[in-house]
S.K.: 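Structure incoming, see below.
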Amino acid sequence: MFLNLTPDQWSYLLNGALSTILLSIIGIVGGCLIGLPIALARISPNPVLRKIASLYVYINQGIPIPVAMFTIYFGLSIMKFRLPAVIAAGIGLAISAGAYLGEIWKGAILSVPTTQWEASSSLALTYSQRLRFVILPQAIRISIPPTVGFMVTLIKNTSYAVVIGMAELTYTARVVNNSTFQPFITFSIAAVLYFLICYPLSFMSAKLERSFKTPG
């Protein structure tokens with residue numbers, strides 16, 4: 001039944017999937033680059049850094065992703081600085097993802113037993129050395145499942161890019177459906193494409209977890 005779609009319609013759907021992949025990469029990479037400093041600032045001994053990071057998290061967790069995308073895309077255009085829709089949407093995703101990943105990773109760091117902090121302190125390591133050599137390696141293992149779960153959610157949240165006219169997978173599926181009037185076929189294909197995009201993350205997550213559990 002999938003053959004009921006024309007080659008042009010298939011091409012349009014696949015281009016939407018590629019746009020979703022590109023937008024997801026921008027959002028995930030940008031979110032990681034923002035999230036790690038936020039997590040470290042949230043547990044910093046410096047109260048000023050903690051307050052700034054907390055403010056960033058609270059603001060961005062309170063702003064819906066479509067609003068962030070809309071503000072970045074149209075707000076910059078008002079100032080005569082126009083970004084491609086995929087970049088504007090990616091920045092919106094990254095800013096939001098940074099807040100959530102920062103909280104996920106902060107929780108993972110704080111989940112490392114206090115005895116590990118005390119043991120590393122007794123070795124006369126500096127604060128940054130304790131984080132780098134003792135705490136973060138353990139926190140990474142703890143953070144893998146929630147991080148991957150959030151990344152899968154982030155991929156699905158790329159559908160919000162429709163607010164600034166970006167033709168990602170959900171948008172292209174709706175356009176194809178409007179021309180074919182075959183919602184079951186069209187959105188089944190879109191669901192399979194989303195699965196193919198998300199599954200590698202889950203597979204790599206399981207592989208990483210097994211590698212961390214393997215002795216030596």
Side-chain angles (χ1 to χ4, degrees), residues 19-112 117 127-128 130-132 135-136 138-140 142-171 194 197-198 201 205:
S19 295
T20 291
I21 293 171
L22 177 59
L23 182 53
S24 300
I25 291 172
I26 295 172
I28 289 172
V29 172
C32 290
L33 292 176
I34 295 171
L36 183 57
I38 291 296
L40 296 177
R42 290 277 277 151
I43 64 165
S44 171
N46 188 321
V48 176
L49 283 178
R50 289 202 306 271
K51 289 180 180 178
I52 293 173
S54 297
L55 184 63
Y56 177 90
V57 170
Y58 297 150
I59 289 174
N60 285 286
Q61 286 187 343
I63 298 176
I65 294 176
V67 174
M69 291 179 177
F70 191 91
T71 302
I72 292 169
Y73 185 68
F74 292 103
L76 290 177
S77 65
I78 291 174
M79 297 183 288
K80 310 299 181 185
F81 187 75
R82 194 169 185 84
L83 288 175
V86 64
I87 300 299
I91 292 173
L93 275 178
I95 290 173
S96 178
Y100 285 96
L101 287 174
E103 286 297 278
I104 290 171
W105 294 343
K106 182 200 79 170
I109 293 171
L110 294 179
S111 296
V112 176
W117 287 91
Y127 179 78
S128 60
R130 277 181 278 165
L131 280 175
R132 180 181 175 186
I135 304 303
L136 288 182
Q138 299 179 67
I140 289 172
I142 297 170
S143 70
I144 288 174
T147 297
V148 172
F150 175 77
M151 287 180 177
V152 170
T153 300
L154 184 70
I155 292 171
K156 292 182 282 188
N157 284 343
T158 57
S159 61
Y160 289 131
V162 67
V163 299
I164 57 175
M166 182 181 167
E168 42 66 54
L169 181 53
T170 299
Y171 177 84
Y194 270 116
I197 294 170
C198 295
L201 280 175
S205 169

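The figures that follow rest on heavy atoms only: side chains count, while hydrogens, waters and symmetry mates do not.
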S.K.: Going by heavy atoms in the side chains, are L201 and I155 under 4.5 Å from each other?
M.R.: yes

S.K.: Would you say the side chain of I87 lies within less than 4.5 Å of the side chain of I26, judging by non-hydrogen atoms?
M.R.: yes

S.K.: If you look at every heavy atom in G27 and L154, which pair is closest and at what distance?
M.R.: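 Heavy atoms of G27 and L154 come nearest at C-CD2, 3.7 Å.
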
S.K.: Before giving the answer on side-chain contact (heavy atoms from CB on, under 4.5 Å), spell out for Y73 and I91 the whole-Å C-alpha distance, their side-chain angles and the decisive distance to 0.1 Å.
M.R.: CA-CA 9 Å; Y73 185 68; I91 292 173; over 6 Å; no

S.K.: If you look only at pairs with a residue in residues 33-56, which of them pass as a side-chain hydrogen bond (donor to acceptor under 3.5 Å, both in side chains), with sequence neighbours excluded?
M.R.: R42-S54, R42-E103

S.K.: Using a 4.5 Å cut-off on heavy atoms from C-beta on, say whether the side chain of Y171 contacts that of S159.
M.R.: no

S.K.: About how many Å separate CD1 of I140 and CD1 of I135, when rounded to the nearest 0.5 Å?
M.R.: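 Here the rounded value is 12.0 Å.
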
S.K.: Got a second to check how far F74's CZ is from R82's CZ, nearest 0.5 Å?
M.R.: 7.0 Å

S.K.: State the CD-OG distance between Q138 and S111, to the nearest 0.5 angstrom.
M.R.: 11.0 Å

S.K.: After noting the C-alpha distance and the side-chain angles of L131 and W117, does the key distance pass the side-chain contact (heavy atoms from CB on, under 4.5 Å) rule?
M.R.: CA-CA 9 Å; L131 280 175; W117 287 91; 3.6 Å; yes

S.K.: Checking side-chain contact (heavy atoms from CB on, under 4.5 Å) between K106 and each of I38, L101, I43, which is the one that passes?
M.R.: I43

S.K.: Which atoms form the tightest heavy-atom contact between Y160 and P66, and what is the distance?
M.R.: CD2-CG, 3.4 Å

S.K.: Over all heavy atoms of both residues, which pair between E168 and Y194 is shortest? Give the atoms and the distance, please.
M.R.: OE1-OH, 3.6 Å

S.K.: Can you confirm whether I109 sits close enough to L40 that some side-chain heavy atom of one is under 4.5 Å from a side-chain heavy atom of the other?
M.R.: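 Yes, side chains in contact.
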
S.K.: First locate atom CE of M69, then atom CD1 of I164, and finally report the distance between them rounded to the nearest 0.5 Å.
M.R.: 6.5 Å

S.K.: Do you know which two heavy atoms are closest between I34 and A94, and how far apart they sit?
M.R.: CD1-O, 3.7 Å

S.K.: What distance do T158 atom OG1 and L23 atom CG have between them, rounded to the nearest 0.5 Å?
M.R.: 5.5 Å

S.K.: Given T20 and T170, is the side-chain contact (heavy atoms from CB on, under 4.5 Å) satisfied, shown in steps?
M.R.: CA-CA 9 Å; T20 291; T170 299; over 6 Å; no

S.K.: Flag the pair W105 / C32 as yes when at least one side-chain heavy-atom distance between them is below 4.5 Å, and no otherwise.
M.R.: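 Yes, side chains in contact.
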
S.K.: Supply the atom-to-atom distance S96 OG to N60 CG, rounded to the nearest 0.5 angstrom.
M.R.: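 Reported to 0.5 Å precision, the distance equals 6.5 Å.
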
S.K.: Of the non-hydrogen atoms in A139 and A108, which two are nearest, and what is the gap between them?
M.R.: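 Reported closest heavy-atom pair: O-CB, 3.6 Å.
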
S.K.: If you look at every heavy atom in A85 and M166, which pair is closest and at what distance?
M.R.: CB-CB, 4.2 Å

